[in-house]
Amino acid sequence: MVSLRGGDEALHSAFAQLDLDPRNGRLVALKTKEEVRAALETFEAHVVELPARYAGVLKDVIQTALPDLKTADFQHLRRVAQWKFLPPRLQKQFKSPRGDDESFCEDDNAELEDTVRYFLVCPTTAISKATLQDILRRNPPFMDRDRDPRIFHVEVPALAPTSPEQAAQWSLKYWPISYKNTNPYGPHPSLVARNTAEIEAHAGKWLSLADSVAQLLHALSLGERVGCVIVDNNGERQEIIAVAGDCRWRSSSGAAEPHQGPGNVMAHAVERAIAMAAKKRLRAAGKDPDLLDRKLFCDWPLTDLEKQFYEQDNILPNGYLCVDLDIYITHEPCVMCSMAILHSRFKRCVFAQRMPMTGGLTADAVATKVDKGIGWTSSLGQGIFWRPSELNWKLLAWEWIEEDAKDSTNDCMNTTGNSDTLHA
Amino acid sequence: MSWCGCYPAASPVAVTLRKLVHVAVGSGSYRKGPALYAQQTAFLHQIQPSGTLEDEQTCQASTADHEPGAMNAEDRVYHERFMREAINMAELALVSDETPVGCVFVKDGEIIGRGMNETNRTLNGTRHAEFVAIAGILSKHPVSIFKETDLYVTVEPCVMCASMLRQYGIRAVYFGCWNERFGGTGGVLNIHSDPSVDKPYPVTGGIFREEAILLLRKFYVQENEKAPEPKQKRTRELKTEIMPMDLHAPKQCA
């Protein structure tokens with residue numbers, strides 16, 4: 001078989017010889033656990049209506065009254081908003097009772113909208129409405145008026161948005177939001193964009209290869225239809241380091257076992273592929289790869305396809321674990337395999353099929369097709385790829401969305417015939 | 001969240017184990033008596049294949065069963081016997097230039113498998129002691145043996161091993177010190193008890209905790225040639241003072 005070295009052209013021809021069609025789709029970066037939390041958490045805030053020119057005065061008044069208020073905690077929320085930039089829901093709520101209100105302006109509505117502002121004071125937990133009203137009444141512009149200042153309670157996102165799309169969406173739903181091009185809860189948007197661009201063109205090929213090795217072992221009744229490919233894709237370099245399928249139903253004697261219980265959990269595709277990459281490292285270091293060998297790990301090639309890549313001496317010497325390598329998997333890996341990927345310090349991870357009941361990478365719920373319309377499927381919520389405050393390594397992770405799917409929702413129903421409760 | 005101290009009825013030490021001190025998982029409270037052992041019990045819920053959450057009706061132990069601070073001397077001897085064997089495996093790892101973590105699997109009072117960390121020699125970051133021991137066990141026994149098997153390991157299982165043990169259906173896990181970087185049974189995450197399609201398992205930590213910590217510290221003052229950009233290890237000193245347990249409490253419970 002032809003070597004897969006030498007850039008794109010050689011790679012394409014080698015891939016062609018494998019007789020595999022690249023899968024057609026795109027990559028969607030996974031949300032981190034913190035991003036998911038940020039997207040869901042809201043708090044209630046006091047909002048005060050006042051003439052535009054008094055906004056500065058009110059800011060000072062609030063600062064004096066609440067010296068401990070940390071405005072940095074909600075600096076993603078516009079402090080002062082014009083009526084025209086409010087979400088339609090708030091426009092309706094704020095405007096309706098003003099028909100007979102003469103508190104600020106006797107002119108027509110258009111001018112009123114121009115001169116009135118809505119000031120986001122603070123979370124309602126910081127001060128009661130009554131106390132706030134008291135403070136307002138002792139200060140301009142409310143001190144000389146008969147009517148009470150208008151104070152509204154508005155639900156707002158508690159944490160900063162992680163993308164411009166989310167900021168726009170929240171501005172329509174909650175309150176005008178400002179987006180700074182950062183992501184405190186996950187990888188920086190530019191890092192994700194750069195890496196997506198780097199791997200997107202070839203991801204369909206690696207997934208197709210993972211599909212085919214999964215199919216081979218499944219056909220032998222040795223494993224579930226789960227496969228995985230480890231790739232060294234850095235700059236010009238494109239090397240397939242390991243290809244492995246699941247073989248949990250292979251007994252210690254090598255025969256296929258009845259498919260009952262969990263099978264040999266250690267023979268999941270990801271564990272096998274990582275072990276094969278490690279053996280190639282041992283070989284590259286001039287050591288015996290079969291040292292400490294234990295057959296229950298199933299960490300040697302079981303099919304010709306696996307063997308073809310296992311035998312290539314294409315792993316860079318002096319590397320450490322799977323640093324700078326990428327891993328492609330037909331299914332979202334289980335919690336064990338997700339952590340094995342993190343332990344091995346991979347650079348990037350792509351999986352095709354979500355596993356909401358067993359997968360360890362995703363942190364969010366996802367829209368799925370159900371019998372009638374679209375339903376929401378939860379995930380375990382583990383997000384074991386980017387939890388820097390808890391786990392010691394971060395990797396970038398994507399979900400593969402098949403392009404020829406008829407509608408845009410991710411079809412979580414079984415496309416591979418695997419059970420929902422399968423641990424990939 | 002409420003907690004329970006249920007153990008499988010098949011356990012030879014089921015009744016007396018209830019006398020262990022309990023730590024509520026994820027409740028924010030951390031109750032600890034003067035006992036040697038702290039325990040974290042299984043989460044009450046299990047995702048059924050239908051996707052619904054159901055209480056495990058078997059978990060009905062009440063606090064009245066507990067005598068804080070008292071672990072039956074007989075049970076202590078039983079558990080310490082096997083943790084001593086696990087420590088022996090960790091010591092073997094240390095002299096082999098491996099991270100000193102060791103374990104034994106016990107069924108009906110007999111050790112059916114031993115393991116030690118082999119990540120350095122295999123260049124494989126997943127070759128933890130639990131994997132090594134299970135590779136040996138499954139060459140002789142069916143997977144179903146884990147339903148009646150307990151694990152004794154010197155360091156709390158990591159997230160990966162915690163999930164593997166749950167998938168295999170381990171009956172119970174006993175460990176020495178908490179794993180504050182990767183712990184999967186209370187140290188960092190709660191993989192043993194989080195919602196899952198697999199049955200949760202009870203865990204008990206703190207058995208020979210100081211010895212387990214000292215073994216790790218001995219390792220970190222040794223050279224580790226495999227790690228990239230090693231820090232100045234020659235200047236490191238072996239610290240022998242170990243902080244009291246409440247300072248090393250699991251992050252989730254502290």
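A note on names: the letters A, B, ... follow the listed sequences, proteins ahead of strands, and every chain is numbered from 1. Because the structure is predicted, anything quoted here is derived from the model rather than measured.
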Taking side chain as everything from C-beta outward and backbone as N, CA, C, O, which of these in [X] sits under 4.5 Å from a heavy atom of chain B? Side chain, backbone, both or neither.
X: C337(A); result: neither
X: R281(A); result: both
X: E257(A); result: neither
X: L342(A); result: neither
X: D299(A); result: side chain

Heavy-atom pair count under 4.5 Å with chain A, highest-scoring of [options]:
options: V143(B), L165(B), T122(B); value: T122(B)
options: H128(B), M160(B), M164(B); value: M160(B)
options: S139(B), G136(B), A162(B); value: S139(B)

Exercise for the section: Would you name the heavy atoms of S344(A) and T126(B) that are closest together and state the gap between them? Expected result: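 In this case the closest contact between S344(A) and T126(B) is OG-CG2, 4.0 Å.
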Exercise for the section: Check V197(B) against H423(A) and note the closest heavy-atom contact, atom names and distance. Expected result: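 That closest heavy-atom pairing would be CG2-NE2, 3.6 Å.
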Exercise for the section: Kindly check if the number of other-residue, nucleotide or ligand heavy atoms within 6.0 Å of CD (E41(A)) is above 12? Expected result: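 Atom CD in E41(A) is packed in, count exceeds 12.
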Problem - D288(A) CG: over 12 foreign heavy atoms closer than 6.0 Å - result: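 Count over threshold, so yes.
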Practice task
Heavy-atom pairs under 4.5 Å with chain B are the metric here; pick the option from Q382(A), H268(A), H343(A) that has the most.
Solution key: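 Sorted descending by pairs with chain B, the first entry is H343(A).
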Handout entry: Among the listed options L321(A), V323(A), N392(A), the residue most often paired with chain B at heavy-atom distances under 4.5 Å
Key =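 Max contact count across the listed options: N392(A).
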Practice task
For the pair F297(A) and F131(B), name the ring-plane relationship: parallel under 30°, tilted 30 to 60°, perpendicular over 60°.
Solution key: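 Rings of F297(A) and F131(B): tilted, 30 to 60°.
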Report the distance from atom [atom1] of [X] to atom [atom2] of [Y], rounding to the nearest 0.5 Å.
X: L189(B); Y: I384(A); atom1: CG; atom2: CD1; answer: 6.0 Å
X: L380(A); Y: I191(B); atom1: CG; atom2: CD1; answer: 8.5 Å
X: L123(B); Y: I315(A); atom1: CG; atom2: CD1; answer: 9.5 Å

Do [X] and [Y] make a side-chain contact, defined as non-hydrogen atoms from C-beta onward lying under 4.5 Å apart?
X: K279(A); Y: N124(B); value: no
X: V159(B); Y: M336(A); value: no
X: L391(A); Y: V188(B); value: yes
X: C334(A); Y: Q167(B); value: yes

Practice task
Say whether, by atom type as modelled, one donor and one acceptor occur between the side chain of Y168(B) and the main chain of M266(A) under 3.5 angstrom.
Solution key: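 Answer holds: yes.
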So for [X], is it side chain, backbone, both, or neither that comes closer than 4.5 Å to the heavy atoms of chain A?
X: C158(B); result: side chain
X: L138(B); result: both
X: I134(B); result: both

Handout entry: Working for side chain to side chain contact (heavy atoms under 4.5 Å, CB included), residues F182(B) and E390(A)
Key = CA-CA 8 Å; F182(B) 298 117; E390(A) 296 153 313; over 6 Å; no
Practice task
Decide, yes or no, whether a salt bridge links E271(A) with R127(B) under the criterion of side-chain N to carboxylate O below 4.0 Å.
Solution key: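 No.
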